[in-house]
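See below for the structure under consideration.
Atoms within each ligand, like the ligands themselves, are counted from 1 in listed order.
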Amino acid sequence: MPAKTFRLTDTLSGQVKPLATLEPDHLRFYSCGPTVYSYAHIGNFRSFLTADLVVRTARAIGWRVTWVSNITDVGHLTDDDVADAQGEDKMERALRSKEGEQFHNVWELSEYYTEAYREDWRNLNMVEPEIRPKATQHVREQIVAVEELIKNGHAYETPTGVYFSIESFPDYGKLSGNTRDNLRKAVREAVVVDENKRESSDFALWKKDDKHLMQWFSPYGWGFPGWHIECTVMAMKYLGETLDLHSGGEDNRFPHHECEIAQSESLTGKPFSNHWLHTRFLLVDGEKMSKSKGNFYTVRDLLAKGADPLAVRLALMSTHFTKELNFTEQGLNDATGNVERLRRADHAVAAALEAKRDGEDVLGTLLEDLGDQALDAMCNDLNTSVALAKALEGARAITREAEGMSMATAESSLRFLDRINDLLGIVRSQYGDAKAECAPPAVDASVIEAKIAERAEAKRAKEFARADAIRQELDSMGIELRDTPQGTVWVAKSAGL
Ligand SMILES: Nc1ncnc2c1ncn2[C@@H]1O[C@H](COP(=O)(O)OP(=O)(O)OP(=O)(O)O)[C@@H](O)[C@H]1O
Ligand SMILES: [Zn+2]
């Protein structure tokens, strides 16, 4: 296979550029994980899913991937949109909330939500990262990094903590545009929280606090680490001083990633990450979905309402990661229809593999081309819409051939569906999905596809009464039609939402 170029939007250069690996064919990738003070919502998962798609695409072009995705379980404060975040630790505040009453302590709360997050992760059929480090298990390394930054003149101690001096890092602002000058003009940043700080935007590496529920002893007394130093240390510990790629949601660009760059590059003198990826927000009614705003759905909310987990996954990846995505019921319904369509093709192939009929492979070339085109689309800045269109085109071809399908055609169809599933994860779940494993509907797919084609023909000829009659006939067979931007799909009513 000739080497493929994987092009990806890079926030640092503002360009779509080839993702390059320092070691040949080995991607070293860090993605910011959740703060485990509550259930992650599907907005959080939109960001994690972009990372999952990067990993799947990298593997599909033959790269080895070391993917590190952390768990933030201390140090993420509530007012986190300014360089030096203030407020309360999100974990502590959660323990005091109504939801927190069920836990004996903040450690138990953290364990509970970490487990819930991993369960949701599996339900969305996401690839497991190689390493999931927890911030609380790397405090010693964080203290060593803070010591080093003080020693090399990038950080200083005050009565409230240890702060990174942004004046010591002239490149501060290169990722987000929030340079020292720009920050000084911003009203919020001008609020003085510790008059011993050299500059109001100098951010905390360590907070002194002997009342904090999670605290460690350090050269500066009892306290806890800042959120930014946690990710710097965990990324470099497992991936080395320069990463190939670092990702997060768009709000991580500033201050989190800007501060990570400042600390890391001041420690090593080398670029921290050669490529930066940020997923735009998932919106509800035009607003950012967020835990703090309370306008969110969790994966478990949607599954409890009967949503198909793979359809939730597909709905979250239906819009390019550089564009905001409005989460709607219509979007979820379209995704449900499309997942059903892929699953039906998969069932048809399973049946044909059982039947072992003689005959030629009539789909091999077409499906190989479509598989290549889906991969090309993903290598072209994760173009999920085109990749999905190719997947559906293949599924349609397979379903059309379902009746009497030869063993040879079934084998090439299976290869295609496996390939699509490895790339997009929307055909069947690697963790075993109850819905995906349920028996195929007791209807003949090729008959239904033929009726759908007849209805489309009737609509084209403006014979709307005939088109309606076909819809009704299918309805009485327990088949519901859904018109989606990719064409009409059908759902056995017992299996849909
Ligand atoms: N609506 C959203 N759409 C896409 N990504 C999001 C959204 N909200 C948060 N993220 C991303 O999810 C990841 C985990 O976020 P984290 O658990 O720290 O969330 P949070 O900031 O506490 O939550 P919230 O922003 O909902 O209050 C981060 O990379 C963040 O950028
Ligand atoms: Zn992070």
Side-chain angles (χ1 to χ4, degrees), residues 11 29-52 68-81 85 87-94 97 110 113-114 116-117 120-121 126 129 132-135 138 142 175-176 203 225-239 243 245-261 263-264 272-273 276-299 315-317 319-327:
T11 323
F29 173 30
Y30 185 89
S31 66
C32 282
T35 311
V36 285
Y37 64 97
S38 182
Y39 296 111
H41 54 68
I42 56 170
N44 303 133
F45 272 105
R46 182 179 192 216
S47 292
F48 308 146
L49 192 52
T50 311
D52 162 280
V68 178
S69 184
N70 73 293
I71 304 280
T72 302
D73 50 358
V74 67
H76 191 173
L77 304 187
T78 44
D79 303 334
D80 60 0
D81 56 337
E88 207 181 342
D89 193 309
K90 293 188 179 197
M91 303 295 293
E92 292 199 353
R93 195 185 53 174
S97 72
S110 151
Y113 287 117
T114 302
Y117 160 67
D120 293 344
W121 183 281
M126 310 244 300
R132 267 191 209 281
K134 283 188 175 181
H138 296 77
Q142 288 155 33
L175 181 71
S176 63
F203 57 89
W227 174 35
H228 315 313
I229 194 74
E230 297 172 357
C231 281
T232 281
V233 162
M234 290 185 280
M236 292 207 289
K237 172 167 178 172
Y238 296 104
L239 297 170
L243 325 176
L245 175 67
H246 191 314
S247 76
E250 64 175 297
D251 55 345
N252 286 158
R253 203 156 68 104
F254 183 83
H256 188 47
H257 292 163
E258 193 70 66
C259 296
E260 276 187 50
I261 291 176
Q263 304 158 154
S264 310
F272 176 44
S273 179
W276 287 86
L277 180 154
H278 291 98
T279 301
R280 298 295 302 276
F281 285 144
L282 182 72
L283 308 179
V284 187
D285 298 329
E287 263 203 282
K288 179 199 174 195
M289 178 175 286
S290 116
K291 284 177 229 171
S292 11
K293 287 194 188 118
N295 61 347
F296 62 88
Y297 301 107
T298 61
V299 173
L316 291 177
M317 60 191 243
T319 299
H320 195 253
F321 70 93
T322 55
K323 297 200 170 61
E324 291 174 332
L325 164 63
N326 237 312
F327 189 79

Vertex the Zn ion (ligand 2), rays to SG in Cys32 and NE2 in His256 - rounded to 10°:
110°
Nearest-neighbour protein heavy atom for atom 5 (N) of ligand 1, which is reported as residue plus atom name and distance:
Ser47 OG, 2.8 Å
Please tell me whether Thr78 and Glu88 have a donor and an acceptor in their side chains that are separated by less than 3.5 angstrom.
no
Is it true that Gly33 lies under 4.0 Å from ligand 1, counting heavy atoms only?
yes
Look at ligand 1 and say whether His278 reaches it with a heavy atom at a distance under 4.0 Å.
no
Any donor-acceptor pair under 3.5 Å linking the side-chain atoms of Glu260 with those of His246?
yes
Just to confirm my output: which protein heavy-atom neighbour is closest to atom 15 (O) of ligand 1, and how far is it?
Asn44 ND2, 3.5 Å
Ion pair present between Glu258 and Arg253, side-chain N to carboxylate O less than 4.0 angstrom?
no
If we ignore angles and hydrogens, is there a donor and acceptor under 3.5 Å between the side chains of Thr50 and Asp52?
no
Among all protein heavy atoms, pick out the one at the shortest distance from atom 1 (N) of ligand 1; state its residue, atom name and that distance to 0.1 Å.
Met289 O, 2.8 Å
Side-chain donor or acceptor of Asn295 paired with backbone N/O of Ser290 under 3.5 Å
yes
Do me a favour and list the nearest non-hydrogen protein atom to atom 21 (O) of ligand 1 with residue, atom name and distance?
Lys90 NZ, 3.5 Å
Quick one: does Asp251 get a heavy atom under 4.0 Å from ligand 1?
yes
Suppose we only count N/O/S atoms under 2.8 Å; would His257 qualify as near the Zn ion (ligand 2)?
no
For Asn44 and His41, indicate whether the former's side chain and the latter's backbone hold a donor-acceptor pair under 3.5 Å.
yes
Neighbour count >12 (heavy atoms, 6.0 Å) for atom OH, Tyr297
no
Part of Tyr37 within contact of ligand 1 (heavy atoms, under 4.0 Å):
side chain
Where's the contact between His76 and ligand 1, heavy-atom distance under 4.0 Å: side chain, backbone, both or neither?
side chain
